[in-house]
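Numbers restart at 1 for each chain; the letters A, B, ... are given by sequence-line order, proteins then strands.
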Amino acid sequence: MALALTSSAHGTVVEEPLAADQFNQGLTLLGSKKYPQKEQAVRLLLASKDPRTQTILQMLLDGQLYRQKKTNAVVFMQKAEDGATHVAPLLVDGEINRSYAGLLAVKKRSVKRVGLNNALRKQIKQGLATLGLAAEDPANRAAAIEALIGELTPETNGLLVERLALETDDDVRELITIALAVDNLNKESTDLAADIAVLADSLQPTARNALVSFADATENPELKQQAEKALARIDQKVKYSGFAETLFFGLSLGSVLVLAAIGLAITFGVMGVINMAHGELIMLGAYTTYVVQLLMPNHIGLSILVAIPAAFIVSGVVGIAIERFVIRFLYGRPLETLLATFGLSLILQQAVRSVFSPLNRSVATPDWMSGSLMINPVLSLTLNRLYIVLFCLIVFALLFALLRYTRLGLQVRAVSQNRAMARAMGVRSSRVDALTFGLGSGVAGVAGVALSQLTNVGPNLGQAYIIDSFMVVVFGGVGNLWGTLVAGLSLGVANKIMEPMAGAVLAKILVLVFIILFIQKRPKGLFPQKGRSAED
Amino acid sequence: MNMTDAFYEYGRRDQVFEFLKPVQSPMLDVAKGYILYLEDISVSFDGFKAINDLNLYIKEGELRCIIGPNGAGKTTMMDIITGKTRPDSGSAWFGQSINLLNMSEPEIAQAGIGRKFQKPTVFEQLSVFSNLELSMSGAKGVFATLTARLTGEQKDQIDQVLAQIGLLDQRWLDAGSLSHGQKQWLEIGMLLMQNPKLLLVDEPVAGMTHQEMDRTGELLTSLAGQHSIVLVEHDMDFVRSLAKQVTVLHQGSVLAEGSMEQVQQDPRVVEVYLGE
Amino acid sequence: MLSIKGLNQFYGQSHTLWDLDLEVIEGACTCLMGRNGVGKTTLLQCIMGLLPVKSGSIEFNGAPIEKLISEKRAPMGIGYVPQGRQIFPLLTVEENLQVGLPARPDRSNKIPEFIFELFPVLAEMMNRRGGDLSGGQQQQLAIGRALAIDPKLLILDEPTEGIQPNVVAEIGDIIRRLNEEIGLTVLLVEQKLPFARKVADNFCILDRGRQVATGEMTALDDTLIKRYLTV
Amino acid sequence: MSVQSQNVFNRATVVFLGTLFVVAVLVPVLNMLVSPDSSFHLNTYTVTLLGKYLTYALLAVAVDLVWGYLGILSLGHGAFFALGGYAMGMYLMRQIGDRGVYGHPLLPDFMVFLDWQELPWYWLGFDQFWFAALMIVLVPGSLAFAFGWLAFRSRVTGVYLSIMTQALTFALLLAFFRNEMGFGGNNGLTDFKELLGFNLQSDGTRIGLFLCSALALGLGYLACRFIIASKLGRVSMAVRDAESRTRFIGFKVEYIKLAVFTFSAVLAGIAGALYVPQVGIINPSEFSPLNSIELVVWVAIGGRATLYGAVIGAILVNYAKSYLTVAMPEVWLFALGALFVVVTLFLPNGLVGLFNNLKRKQKATAEEANA
Amino acid sequence: AKKEDTIKVGVLHSLSGTMAISETTLKDTMLMLIEEQNKKGGVLGKKLEAVVVDPASNWPLFAEKARELIQKHEVSAVFGCWTSVSRKSVLPVFEELDNLLFYPVQYEGEESSKNVFYTGAAPNQQAIPAVDYLMNDLGVKRWVLAGTDYVYPRTTNKILEAYLKAKGVDAKDITINYTPFGHSDWQSIVADIKKFGSTGKKTAVVSTINGDANVPFYKELANQGISAEDIPVVAFSVGEEELSGIDTAPLVGHLAAWNYFMSVEADENDDFIEAWQAFVGSDKRVTNDPMEAHYIGFNMWIKAIEKAGTADPAAVREAMIGISVPNLTGGYSAMMPNHHITKPVLIGEIQDDGQFETVWQTSGLVPGDAWSDFLEGSKSIAADWQAPLMCGNYNVKTAKCSGQNY
Ligand SMILES: Nc1ncnc2c1ncn2[C@@H]1O[C@H](COP(=O)(O)OP(=O)(O)OP(=O)(O)O)[C@@H](O)[C@H]1O
Ligand SMILES: Nc1ncnc2c1ncn2[C@@H]1O[C@H](COP(=O)(O)OP(=O)(O)OP(=O)(O)O)[C@@H](O)[C@H]1O
Ligand SMILES: NC(N)=O
Ligand SMILES: [Mg+2]
Ligand SMILES: [Mg+2]
């Protein structure tokens, strides 16, 4: 067994004690600094079949166990209000200490968490998985079985066969069948043709691997052919999944581009302000997410939802301030907005460095956004990306409606086309400007919330997106929201289609070259402003 | 010619390399007496037919007035002649030999078609003088303009035009600070400097007083003969005072043609355009 | 209704309007005349607040407005048809007409029907971009747009420029009708004498930024015309 | 716009060239003849710094030519600068010969290191100065020509053109980062030893480079003046103000733009070539779009469409950077950012505008006093 | 202060621009070390004075600032640089003006300058031991070498590739991937890694991904469901500081190889952490490997000054070799003749509190190798700054010293 090998490689292994002492000895060994001992400890705990084992291993996995450096005793640790560190014994009267009875103040660096390494973690998880075969939630059972596929021992094989008889959930049944089939193939036993047929319908990588090695190894030409046919069939399906995956990657990259650009499509596309501080407004949105999480550390799941309006307001207010104190004086001098906002972007970056430090800030991903939506074993859509695609579409739809169907939208466009005349028609241009700029900035902030889930929240966040944002807006056609959407999504997809062929860098270069050439054909972007006025 | 001569020819100081010379348009050929042929021209924008099977012929030296309701397609027609708009179908020839549809705007301009725009467009940040200087006929290549120096003669010519358009005092003013009417005059001046064979004049007297109108009229009449002129105007007094051949455009094609008197009588023209 | 006293205006260093006085009588149609470049458009832009004035007063219905920001003037009931049309080129005809609606005293957000009666072509072109219209169509749109805010005073800067004769006549009629039927006060800049004579009650002549003559239209005689309107 | 500007040697030009000349004479004198203990002594560090500013100034002049006079807001001029710099860098690399760390007679260190067996074809010839000099002009020039040929012919204008120039420099940035390209990847080219046989670390070479930069700036400035004062200059301004109208009076706008744009790119390339030996490194970050944007900012700070404004802007901003990064290393970006904002808000025509305003006011008061 | 009163120390770390994120901390570290030294009375009876400049992540500016520090401010040594390109940019300046640079970051090697002291790890002090660990202890058979496209990852990967092949790894079991700086969209690459790792052979990622690109990389790994038990990632550029900006939950179990972890149990380390947290006024701030490198470098410099009896760079340079000072992992680090130092190598697994759990460690100190033994071109090159060799680039075969600028 692999585990035994690794542990013995490290030297002295304590003699296996009698079952009664296994639990206690295991617990003691857990406090050791050395990994072979800890592995031994876990093995002992599992072997003891003690009811407390599961809880303790789970706590170990969750990092809730500490050891005192001096005594190597496994203890609880708790931080008091004043920052002082307290410890309590793990077992009180043989029961796991839930009340933290007997807390004792100690020096901060005198306790240390019981460390885990991957081998240990795997060992614990597999142990728990075996315990988890009978778990109540089918998803948990499925996870337990997946952890076992390809690694069946005669013992677990037996467990699975037992389980199959009891199992009611179809997905879990299927998994068990596959696990058993893989095991059979590896052993070259019994009814191989049936096993191959089972695996041919599965997209599990382990199933495919089993088939591959089987096809390589088998001497039976019939079975070999059968296995190869099954493989071809799997590969075909994998290929389609690959297409779908690439498309999804492209759309999700595209929606990030759209989100980053869409605020700019308003401030730059509609108002004509070359806003170099756009990226920093995105950055402020991301930092807002961080602050919101700081303020509600126990509600990370909710924090993102709170952060969206908060970021909109923060970036929007900053945007309005920028408009009121700077941009306002520059209407009619659009190129100079570039200059001033470039200055502002430097100031905002440095301000963030001063306030939040130059280091990146950590923004947590809420549970409901982590993980992925499994379509099949080779195609799963990551949830955070999926939400971001949806989010992008929602933001787009809202903005589009706002500009198209509201009075403010009409006034914004009127002011941007002929400020003096709009004023003469009674449009309060300064209010419209402030609101519009605030809107564009607010949307940038919202984009920041989305980006905080994907990338660094740091002072350089904005700079990474400003170039792309301008590119998307211009490629789509300035002043056309549809253009921004289509441009962003298509650039994303184009990038992702080329990436596997050319590599990430070359793909990006090719996309840029493509844009440059494309603009020759359509000098005003994908969706140009049409009509006479646009001509001269 | 022997080699040395050829070489000498090539290197002459007063000579430029062939490829540096401005592209000469094929000789304007007006042997048949017509300078402009528009045949079966149609153009539409987003499905809206602005010009519809238009046929129009302009004689050399003629002053032709084009009238017609707003939106009849007069300006669009000029756009087609000057290369700004490409028609969907039809042909447009300058003389017998120059196919306008194959040429770019500057080529057309250099071939000898000048235009005054309906909405006066001048180079707002250049002085009135420079506006005229740039419009002046002559070589317009990169190298030619880099080395061009104004001769005394050319300066006189500019002064003369300045006097003609009444902007002598404003010669060093930025054109952008001229009033609307002054810009109209400046555009006319730019047209004069260009000295084209065919002048397309879109509503030159809009925003002018009656007297200025008369002066413009005189100017145009004096130019006719040497030059061919196509004039678009809504001011009937002005058109009448020129007393020339009139074409009425309606919905993108010719509705009536003839002298002003004849056209005035046409009930269709009265209905769609002149009114009672 | 509109009363201007001692108005001075500068473009940078150059003094364009000099101690200018102008009285627009309520319910009447006043025509502002003068050669090219004497400052007519400049004066109208001062009234609309689009240019800053150096000194002098502008009163509308007794209230001083010279210090007011531009966008406050439309809601007071001043409609403006600028020289050069100034259509919003990328808005549709309909949207062009809607822009001013919030300035209407009744706050209605419907374009008044009579505008389409006056200019049927606008109804036809409802969904086209304003900038695509022909020059004359744009001019009609500009007038319609000014009327859409239901003004008490209508200011028109060379409204007939580039408009076909029958529509010019019609515009004349419309101005008269609005003037007579609903008592709309009109301030008009016009170069064409016949038209001016037809629609205006009063005239006011500018020369080099100064007001040089004013009176009833009937008093506009050849000497004045020769002196101030010919070149 | 006045008659003045039609004269190549207008007042501003004379003053500018005069000042440049004085600086060019004074700096070496103060460096070499004045004793190091004197407070008038300029150390070599400052000379090189000044030389660098001058190359930046030339670059700014090139930008001003296309932006101020032709109306093309190029957000990619840094690319031409960098290409000129790379051409020079390649020459300098080849000059290292077998003195590199791996001692390879032909290949630069980074190629040895990446296991390249032979010199890529595009490195051939760069051991000759004349060839490198030609490339310094040709490479940025041809790129500008090719790019302009495409863009101007299809009438890509305004922000579309600006963003395309940005895309161009961005694409080059990514490309030059790639080690496969054979230009040293992120590290770029460095560790130069000599130029035309002169040791790059010697003070004499430094002064020589400074003088070359001054000369290049003077000549570049004059050439731009010559263009601006010619009819071509006025056509450019016409294109800037009303491009399509220019066509209708018979100018082939695309050729005008192409010529001026290409010339400007060549100037930028020369500036880059002079920059590299003075700073001792050329690497892809010179292609960074933000660098190019900053260039435009220099011009705007100084005053657009004046040429000498561009020079003033470039020198001022870069001096401010040099000074502030030492004087207030933690907060200098606030100062620089604020400078940009304040200049835009209060000096619509840049520093030059401020200067002219003051002069005009002075004149006005003088006239009043006379009256 | 008058010149004679103080010994000036240049601090050349970016405080703005892309690298500020990493370098600002090192500037603060230097300020702390200098302050502490001054509390102890300075050195040779003189106080130390820090001259801080901001080269703003701009490589030519690094050279300019280096020159300014040396020529204008007359510093006795400079502590600075992070990226290799910034070091390459300043290198000629230090050699020309014969001053000293202490470079605290792990780097690609292939260099030994008379004027630079390399206190970070050379590849043999980080990469090779990490791969050994993966191969021997975790049984890794398939390798993804993922890096940012610049010289440090390229060199490291080249060395590793040669090393792996020498160990009998098949070429098709190695895949190498380069991405640009700040790469943020890792979807396709992570999907590829997943596929590469799904063949049943144990797979690991050796990451030389730099700086900002790491966060989106790890996030994508987690989201695509790749855990450290499936495909562990061992990184050479992710330390405590970087982790403090990442939501570490999904990273738990991934590895890093360094010469120091904040979690190391040693008294020097406890003192250092305490001093640092007091200095920056926050007990949340972490320490990391380059900080330790500066700690070592600074103490060596002080000791060398004392040994030389002067702060004059040339004299100190000579005194440096052989100096040995305590490092923070409970041992001593010594300056070797090739201007690199001896260090222990530690491998740690990321824990969810952003700290590393040391899971493996070299038994002794590993001396830094300036010229890799696994590269064709540099096998036969040696560096020795002692007489008689006095060369950073000595070809043992041809017995020639090349590429020197002094
Ligand atoms: N680019 C365009 N897009 C859409 N419609 C256009 C465009 N150009 C012209 N049109 C339409 O074509 C018609 C003809 O316009 P044109 O300007 O030629 O009229 P015109 O005869 O010059 O009128 P006017 O006398 O009022 O100047 C108009 O209805 C106009 O709306
Ligand atoms: N922006 C400006 N800057 C400087 N001067 C200007 C500006 N606009 C107009 N002017 C000058 O002010 C004077 C008055 O111009 P204005 O446009 O008011 O004339 P107008 O009476 O309306 O003429 P027209 O009948 O031609 O429209 C003109 O001489 C003009 O040159
Ligand atoms: N040396 C490095 N990590 O660039
Ligand atoms: Mg027309
Ligand atoms: Mg006017």
Proximal component of Tyr465(A), with respect to chain E [non-hydrogen, under 4.5 Å]: side chain

Roughly how far, to the nearest 0.5 Å, is the OG1 atom of Thr455(A) from the CZ atom of Phe217(E)? 13.5 Å

Output the option from Arg353(A), Glu499(A), Arg361(A) having the highest count of non-hydrogen pairs under 4.5 Å with chain E. Arg353(A)

Can you say whether Pro232(E) sits under 4.5 Å from chain A via the side chain, the backbone, both, or neither, judging by heavy atoms? side chain

Under a 4.5 Å cutoff for heavy-atom pairs, which residue among Lys195(E), His183(E), Glu220(E) has the most contacts with chain A? Glu220(E)

Sort out for me which of Thr199(E), Asp283(E), Thr179(E) touches chain A most, counting heavy-atom pairs under 4.5 Å. Thr199(E)

Which atom pair, heavy atoms only, marks the closest approach of Leu359(A) to Glu241(E)? CD1-OE2, 3.1 Å

With a 4.5 angstrom heavy-atom cut-off, which part of Asn460(A) approaches chain E: side chain, backbone, both or neither? side chain

Chain E contact via Gln349(A) - side chain, backbone, both or neither, heavy atoms under 4.5 Å: neither

Counting only heavy atoms not in Asp367(A), do more than 12 sit closer than 6.0 Å to its CG atom? no

Contact origin within Leu454(A) toward chain E - heavy atom pairs under 4.5 Å: backbone

Does any heavy atom of chain A fall under 4.5 Å from the side chain of Thr25(E), the backbone, both, or neither of them? side chain

So for atom CG, which belongs to Asp170(E), do other residues, nucleotides or ligands contribute more than 12 heavy atoms lying within a distance under 6.0 Å? yes

Contact class of Glu349(E) relative to chain A, heavy atoms under 4.5 angstrom: side chain

Residues Thr382(A) and Gln224(E): closest non-hydrogen pair is CG2-CG, 3.7 Å

Apply side-chain contact (heavy atoms from CB on, under 4.5 Å) to residues Val363(A) and Asp247(E) and explain how you reach the verdict. CA-CA 6 Å; Val363(A) 172; Asp247(E) 172 17; over 6 Å; no

Gap between atom CG of Leu253(A) and atom OG of Ser184(E) - 0.5 Å precision: 7.5 Å

With a 4.5 angstrom heavy-atom cut-off, could you sort out which part of Ala364(A) is near chain E: side chain, backbone, both or neither? both

For Pro180(E) and Ala504(A), work out which heavy atoms get closest and say how close. CD-CB, 4.4 Å

So which of Asn223(E), Ile246(E), Val215(E) has the largest heavy-atom pair count under 4.5 angstrom toward chain A? Asn223(E)

Quick one: which of Ala222(E), Ser16(E), Gly225(E), Ser227(E) has the most heavy-atom pairs under 4.5 Å with chain A, could you say? Ser16(E)

Min side-chain heavy-atom separation Asp185(E)-Arg385(A) under 4.5 Å: yes

Assess, by modelled atom type and distance only, whether the side chains of Ser252(A) and Gln187(E) contain a donor and an acceptor separated by less than 3.5 Å. yes

Minimum heavy-atom distance Ser452(A)-Lys219(E), with the two atoms named: O-NZ, 3.2 Å

Which atoms form the tightest heavy-atom contact between Ala191(E) and Glu245(A), and what is the distance? CB-OE2, 3.9 Å

Heavy-atom proximity to chain E below 4.5 Å, by part of Ser380(A): side chain

Of the backbone (N, CA, C, O) and the side chain (C-beta and beyond), which part of Tyr35(A) lies under 4.5 Å from a heavy atom of chain E, both, or neither? side chain

Say you draw a straight line from CG of Asn360(A) to CG of Leu243(E); how long is it, rounded to the nearest 0.5 Å? 11.0 Å

For Glu242(E), is it the side chain, the backbone, both or neither that has a heavy atom under 4.5 Å from a heavy atom of chain A? neither

Closest non-hydrogen atom pair, Pro358(A) against Thr24(E): CG-OG1, 3.4 Å

What part of Ile189(E) is in contact with chain A, defined as an atom under 4.5 angstrom from a non-hydrogen atom: side chain, backbone, both or neither? both

Which atoms of Ala249(E) come close to chain A, meaning under 4.5 Å heavy atom to heavy atom: side chain ones, backbone ones, both, or neither? neither

Residue part contacting chain A, namely of Asp353(E), when any heavy atom lies under 4.5 Å: both

Applying salt bridge (Lys or Arg N to Asp or Glu O under 4.0 Å) to Arg67(A) and Glu265(E), what does each step give before you reach the verdict? CA-CA 13 Å; Arg67(A) 74 178 166 82; Glu265(E) 291 171 26; 3.4 Å; yes

Are there more than 12 heavy atoms of other residues, nucleotides or ligands under 6.0 Å from atom NZ of Lys202(E)? yes

What part of Ala20(E) gets within 4.5 angstrom of chain A, counting heavy atoms only: side chain, backbone, both, or neither? both

Of the backbone (N, CA, C, O) and the side chain (C-beta and beyond), which part of Gln351(E) lies under 4.5 Å from a heavy atom of chain A, both, or neither? side chain

